[in-house]
Amino acid sequence: MQGYVRAGSSQPAWLFPFIILVVLILSVLPLARLAVAGIAAFANGGVSAVLADPALWSATYYTIVTAILGTVISLVIGCVFAFLLTLTDIRGKGLLSFLFVLPMMIPPQVTALAWVQMSGPSSPLLKALHIAPPLGSPQPLYSVGGIALLYGVQHAPLVYLALRAGLMALPRDGVEAARLSGASSFRVVRDIVLPLALPGVVAGAAISFVSCTGNFGIPAILGIPASIYTLPTLIFSKFSAFTSRTLGEVALLSAIIAIISVAGLAIQDRALRGRDYRVLGLSGATATFDLGDWKYLFAPLLWVILFFMLAAPFFALLAGALVPAYGVPLTFKTMSFNAFHEIVFRQAVTRSAFVNSLSLAAGTATCLLLVTVLSAYALTRRRDVISRAVSSLIEIPYSLPGIVIAVCFILVFAAPLPVLNVTLYGTIWIILIAYLSSFFAVSLKPVVSAFHQLDPALEEAARLSGAGFFRRLRDIIVPLIAPAAGASVVLIFLIACNELTISALLWSAGTQTLGVAIYNLDDSGSSDLASALSVLIVLMVIVMMLLLEVLAKRLPKGVVPWRS
């Protein structure tokens, strides 16, 4: 029995070593391989060639500038929604929150394509409304400002979620005491709410900055046509012109992206260092403010912002899918569903992309479910330094830009596997493994939340009654965590199905994903097919989010991000 179960613990002896092995494969090995490749390139003089390339400095400049501007825009939008939906009596909070988080779930290349269809002189929607700019006018989104604007739209929900979590914990007794002392709402906001909300604002800014730095879909659609390259798109272009020095160069470029991302997180840490933000007393969203007549200004403002963030781009995307070519105005004579028919029934590439993305999403969600249930069990039962270190290693791949993760796994699997002599590079399996690495932390979070709510006495009673580990897992643990595990599966399926950044570097003939298919269709000039495929993906995202909404009442707090 001691060989199977640790003394004084309900864990099997093999469980924690198994978790460590998984973390070594998914986190430590790829990051170590990137470090080795970078050191090798440095030793061989590759650094000099990379640093002497003007494209590097141009891409670094555009990466930092667009990320900073995008972060500022996301902060403005995210903070407005977080304060109004969390602390005021504005109506329709649930629906507004659901709709505001939606852009975060939509692939960035779809967001970029929708906005391109919504603006410029060739927009089918603007032409139909007779408000399109004159022919020959530049496309305003093909610019640094256009990239930054869409970064802000895409990542504003990240700021909203980070800030909202802090606002939900505000001390309502402190707010009530200030009001009873005669403080105005403005004074309460300035002296109590804003100081305590600062950690959420800074955290949201850091998350947004890192996400902007690693975003590939938006600068690929908006930047490449204008010769504006960020570091992720520069890496993509170097792989397109592959040479013997490419792997060393992209390893160094990936390291630069990682350094910029880490610098953003370090600034967050520095901004909050030495400050004590612990909240004493009662907390909760009941610390709200009555808007009074101001609600007639703020409520329409939120709906107008959502219209331009969601509705207008979607209608433009739909218009682009219903016309035979980009630039043709949408009328009853030009409207056709041929693009949808072509995508679903005729195009072998898009059918293959659907199969690949759905298979990868299902495989990733299923594999991670099995691993995360065991990992959550082990990590919540152990509370030592090693378990905390393992938890941190799980978080690292998710905190890094997807382009860095893709390069890591290219370096790991570029050569055949030792002993087995099997090559994973160029197959769908390398994409699956990279997805497992990148989304492990996302899958783990809701399951860990569920385990923290379990009463360990139930399992302990079963263990003392002689029930083995798998019996306790089947009869007690799994039924109790099933809602959270189901939410984890849906969430991972949704994210993996729409992923582009990782698969953009790892795909090959026959392994295209939906994200890659949209980018390739748009790049080849088939904007109507790209728009039709994007419309179908947006509808699929909405359906999956509604499914999470249905499950929400049975889930631990915080699993469904847009709900209170």
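In what follows, every heavy atom counts, from backbone to side chain, and hydrogens, waters and symmetry copies are set aside. In this text the structure is predicted, and so the values were computed from the model without any measurement.
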Is any side-chain heavy atom of Met105 less than 4.5 Å from a side-chain heavy atom of Leu491? yes
With distance as the sole test, does Ser503 use its side chain to make a donor-acceptor pair with the main-chain N or O of Leu500 at under 3.5 Å? yes
So, for Leu126 and Ser119, which heavy atoms are closest and what is the spacing to 0.1 Å? CD1-CA, 3.9 Å
Give the minimum heavy-atom separation between Phe308 and Met118, together with the two atoms involved. O-CE, 4.4 Å
Nearest atoms (heavy-atom pairs only) where Leu506 meets Ala406: CD2-O, 3.7 Å
Atom CG of Leu252 and atom CD1 of Ile259: how far apart are they, to the nearest 0.5 Å? 9.5 Å
For Phe209, what residues pass the ring-ring contact (aromatic ring centres under 6.0 Å, His included) criterion, not counting sequence neighbours? none
Could you tell me whether a side-chain N or O of Ser524 sits under 3.5 Å from a main-chain N or O of Asn520, the two making a donor and an acceptor? yes
Among residues at least two apart in sequence or on other chains, which ones pass side-chain contact (heavy atoms from CB on, under 4.5 Å) with Thr66? Val144, Ile147, Tyr151, Thr230
Ignoring hydrogens, what is the shortest heavy-atom contact between Ile343 and Arg351? Give both atom names and the distance. O-CG, 4.3 Å
OG (Ser437) and CZ (Phe409) are apart, to the nearest 0.5 Å, by 4.0 Å
Could you tell me whether a side-chain N or O of Gln117 sits under 3.5 Å from a main-chain N or O of Pro313, the two making a donor and an acceptor? no
May I have the step-by-step check of side-chain contact (heavy atoms from CB on, under 4.5 Å) for Leu330 and Met335, ending in yes or no? CA-CA 6 Å; Leu330 178 64; Met335 187 170 63; 4.0 Å; yes
Within a strict 4.5 Å, meaning less than it, do heavy atoms of the Leu113 and Ser531 side chains meet? yes
Donor-acceptor pair, side chain of Gln512 and main chain of Thr350, under 3.5 angstrom: no
Tyr398, OH atom: more than 12 neighbouring heavy atoms under 6.0 Å: no
Treating Thr513 as the side-chain partner and Ala353 as the backbone partner, does any N or O pair qualify as donor plus acceptor under 3.5 Å? no
Contact between Asn498 and Ile106 at the side-chain level, heavy atoms closer than 4.5 Å - yes or no? no
Locate the shortest heavy-atom distance separating Pro124 from Val323; write the atom from each residue and the value. CG-CG2, 4.0 Å
Min side-chain heavy-atom separation Leu306-Leu302 under 4.5 Å: no
Taking it one step at a time, do Leu158 and Ser74 satisfy side-chain contact (heavy atoms from CB on, under 4.5 Å)? CA-CA 8 Å; Leu158 295 174; Ser74 66; over 6 Å; no
Would a 4.5 Å heavy-atom cut-off, applied to side chains only, mark Ile228 and Tyr142 as touching? no
At what distance, to the nearest 0.5 angstrom, does CD1 of Ile542 lie from CD1 of Ile537? 12.5 Å
To the nearest 0.5 Å, what is the distance between CE on Met540 and CG on Leu494? 7.0 Å
Is Ser438 reaching over with its side chain to a backbone N or O of Ala434, donor-acceptor style, under 3.5 angstrom? no
Side chains of Val535 and Val110: closer than 4.5 Å at any heavy-atom pair? no
Answer yes or no: does atom CH2 of Trp303 have more than 12 heavy-atom neighbours from other residues, nucleotides or ligands under 6.0 Å? yes
Donor-acceptor contact below 3.5 Å, side chain Ser58 vs main chain Ala55: no
Ignoring hydrogens and geometry, is there a side-chain-to-backbone donor-acceptor pair from Ser237 to Leu234 under 3.5 Å? yes
Heavy-atom closest pair (Thr71 atom, Ser208 atom, distance to 0.1 Å) is CA-OG, 3.7 Å
In the structure I gave you, are the side-chain heavy atoms of Phe236 and Leu505 within less than 4.5 Å of one another anywhere? yes
Would a 4.5 Å heavy-atom cut-off, applied to side chains only, mark Ile77 and Met309 as touching? yes
Steps toward side-chain contact (heavy atoms from CB on, under 4.5 Å) verdict (Ile257, Ile235): CA-CA 10 Å; Ile257 296 177; Ile235 290 175; 3.7 Å; yes
Gap separating the CG atom of Leu317 from the CG atom of Leu322, nearest 0.5 angstrom: 10.0 Å
State yes or no: are the ring centers of Phe81 and Tyr160 separated by less than 6.0 Å? no
Let me see the working for Leu358 and Phe493 under side-chain contact (heavy atoms from CB on, under 4.5 Å), right down to the final yes or no. CA-CA 8 Å; Leu358 294 176; Phe493 186 92; 3.6 Å; yes
Examine distances only and state if a side-chain atom of Ser211 and a backbone atom of Ile207 form a donor-acceptor pair shorter than 3.5 Å. yes
Any donor-acceptor N/O pair, Asp523 side chain to Tyr519 backbone, under 3.5 Å: no
Heavy-atom count around Phe298 CZ within 6.0 Å, excluding the residue itself: above 12? yes
Side-chain polar contacts of residues 215-227 - donor-acceptor pairs under 3.5 angstrom, sequence neighbours left out - could you list them?
from   : atom 1 : to     : atom 2 : distance (Å)
Asn215 : OD1    : Gly217 : N      : 3.3
Asn215 : OD1    : Ile218 : N      : 3.1

Got a second to check how far Thr111's OG1 is from Leu150's CG, nearest 0.5 Å? 7.0 Å
